[in-house]
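Presented below is the structure to which this report refers.
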Amino acid sequence: MRLIQLLLVIGIVPLLLTSCWGVKEIEHLAYVNSIGIDYVKGKVVFYTQMISFNNIAKKEAGAGMSKELVSIGKGEGRTVDEAIFDLYKTSQQRLSWSHVKTLAFTEAALREDVIHGILDQMDRYYEFRYTIWTMVTRGSIENIFNANPTQNMSTLYSQLNNPRDRYSQSSLVAPLYLYKFIWKWEENGQILLLPTLTVNENNWIENKKPSPQLQQDGVCAMQSKKLMGCFKIDEIMGLRWMEKETVRTPLILQIDQKPIAMMVVQKIKPFIEPKISNGKLTFHIKVKAQGSVTEQEKPTTEKELKELAAKEIRKQIQKTYLIGLKSDADLLGLSNSLYRSNPKEWHRLEKDGVLPLKPESLGEINVDIGISDVGIAKILKKND
């Protein structure tokens with residue numbers, strides 16, 4: 001009986017082991033951190049960025065950090081899949097896509113066929129996730145992939161892979177997850193605003209040498225799967241007042257173009273109301289927010305500060321709307337508000353999937369801003 005039991009054990013153990021024979025050791029895989037898409041002379045150019053994990057491990061252990069090793073791969077092809085397989089030719093290990101954190105396009109790659117190709121690949125291959133940050137660069141993919149954060153910190157903590165961290169401190173353009181990209185890409189009436197990333201070579205110095213750093217510098221707008229235009233950050237400052245995800249954002253209050261106070265604005269609640277009167281469609285906007293005064297140059301009453309803040313917010317919203325119209329881009333998302341509240345009317349008015357808008361389509365902008373905190377010092381009043 002014992003002999004039979006021993007033979008059974010000897011026979012079963014190899015069967016259990018075979019299930020692990022095909023598993024790759026983690027050191028035998030190359031983990032892709034970010035992917036980039038460009039379009040040059042009729043070909044798709046597919047980039048991968050891989051980073052060493054030395055600094056992350058050393059930071060956790062409290063040890064000194066060395067310069068991070070960044071590897072960039074490139075493949076070309078007539079389609080996205082062909083470009084990926086061209087990259088495989090020179091890969092020394094199997095590429096793992098399960099840790100991809102960012103998808104970056106160049107402006108040239110914002111084409112329907114290219115975007116369809118990459119989304120199709122990511123939808124078919126099980127390793128990709130939909131919680132990947134999605135963005136655009138108006139420069140080169142290699143430049144943003146090669147930019148290293150200050151203090152030898154890992155690229156994992158840069159604006160490329162962790163835009164939410166910086167956005168929580170100073171909110172200008174909301175970061176975009178891949179699942180939101182797909183939703184706004186596919187749905188009628190939506191405006192897709194892709195954050196743009198560039199390399200700033202002027203603001204930081206390390207060891208007496210320039211230290212190029214990543215910087216968000218605007219958005220590229222797409223409607224009905226077409227690129228409508230790309231806009232600089234100073235042209236679209238009104239977007240933050242229409243974004244529910246805005247965490248905290250600075251607002252300079254001015255009189256005669258001279259700053260008199262700085263306010264940090266939070267708890268922003270925008271609302272768009274489409275109205276049809278005598279066959280004329282207009283959109284009325286309401287914005288509620290809370291502000292705190294962080295700096296004050298001249299004595300001003302609380303009422304005056306509120307009025308100045310409301311005036312500046314209205315001005316920025318109007319400017320953003322009118323700049324978008326020059327490229328037929330509905331930057332404020334007015335079309336979507338009508339599509340959701342009155343889809344029948346939207347379908348009656350739309351042309352080629354886009355709602356025709358005019359300067360006069362933007363109606364009243366009501367801003368209600370409260371001052372909840374002024375820090376340690378009280379507001380200085382003129383009449384005191």
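For the numbers below, each heavy atom of this structure counts, side chains included, while hydrogens, waters and symmetry mates do not. From a predicted model like this one, the values you see are computed outputs, not experimental measurements.
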Over 12 non-hydrogen atoms of neighbours within 6.0 angstrom of [atom1] in [X]:
X	atom1	answer
Gln169	CD	no
Lys43	NZ	no
Lys226	NZ	no
His284	NE2	yes

Does [X] use its side chain to pair, donor to acceptor, with the backbone of [Y] at less than 3.5 Å?
X	Y	value
Thr320	Ile317	no
Thr90	Leu87	yes
Ser91	Arg94	no
Asn336	Gln190	no
Ser171	Thr249	no
Thr246	Lys244	no
Gln49	Phe145	yes
Ser168	Asp165	yes
Ser224	Gly353	yes

Before accepting this row, confirm whether a basic side-chain N of the pair Arg240/Glu245 lies closer than 4.0 Å to the acidic partner's carboxylate O.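 Result for this pair is no, no salt bridge flagged.
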Charged N to carboxylate O below 4.0 Å: is that the case for Asp234 and Lys232?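 Judged by the 4.0 Å cut-off on N to carboxylate O distance, Asp234 and Lys232 do not form a salt bridge.
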Once you round to the nearest 0.5 Å, how far does CD1 of Ile323 lie from CD1 of Ile236?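 Ile323 CD1 to Ile236 CD1: 9.0 Å, rounded to 0.5 Å.
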Check the hydrophobic clustering (I, L, V, M, F, W, Y; side-chain heavy atoms under 4.5 Å; chains of links allowed) and say if Leu197 and Val199 are grouped together.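 Yes, one cluster joins them.
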Pairs touching residues 124-227 that satisfy disulfide bond (SG atoms under 2.5 Å apart), sequence neighbours left out: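 Listed by first then second residue: Cys220-Cys230.
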Which residues pass the salt bridge (Lys or Arg N to Asp or Glu O under 4.0 Å) test with Glu82, sequence neighbours left out?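 Glu82 satisfies salt bridge (Lys or Arg N to Asp or Glu O under 4.0 Å) with Arg78 once adjacent residues are dropped.
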Aromatic plane relationship, Tyr179 with Tyr177 - under 30° parallel, 30 to 60° tilted, over 60° perpendicular: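 Ring orientation of Tyr177 relative to Tyr179: parallel.
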Verify the distance criterion only: is there a donor paired with an acceptor across the side chains of Gln213 and Asn200 at less than 3.5 Å?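 On atom types as modelled, these side chains do not qualify, holding no pair under 3.5 Å.
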Does anything in residues 217-248 pair up under ring pair (Phe, Tyr, Trp, His ring centres under 6.0 Å), and if so which pairs, sequence neighbours excluded?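 Pairs touching residues 217-248 that pass the test: none.
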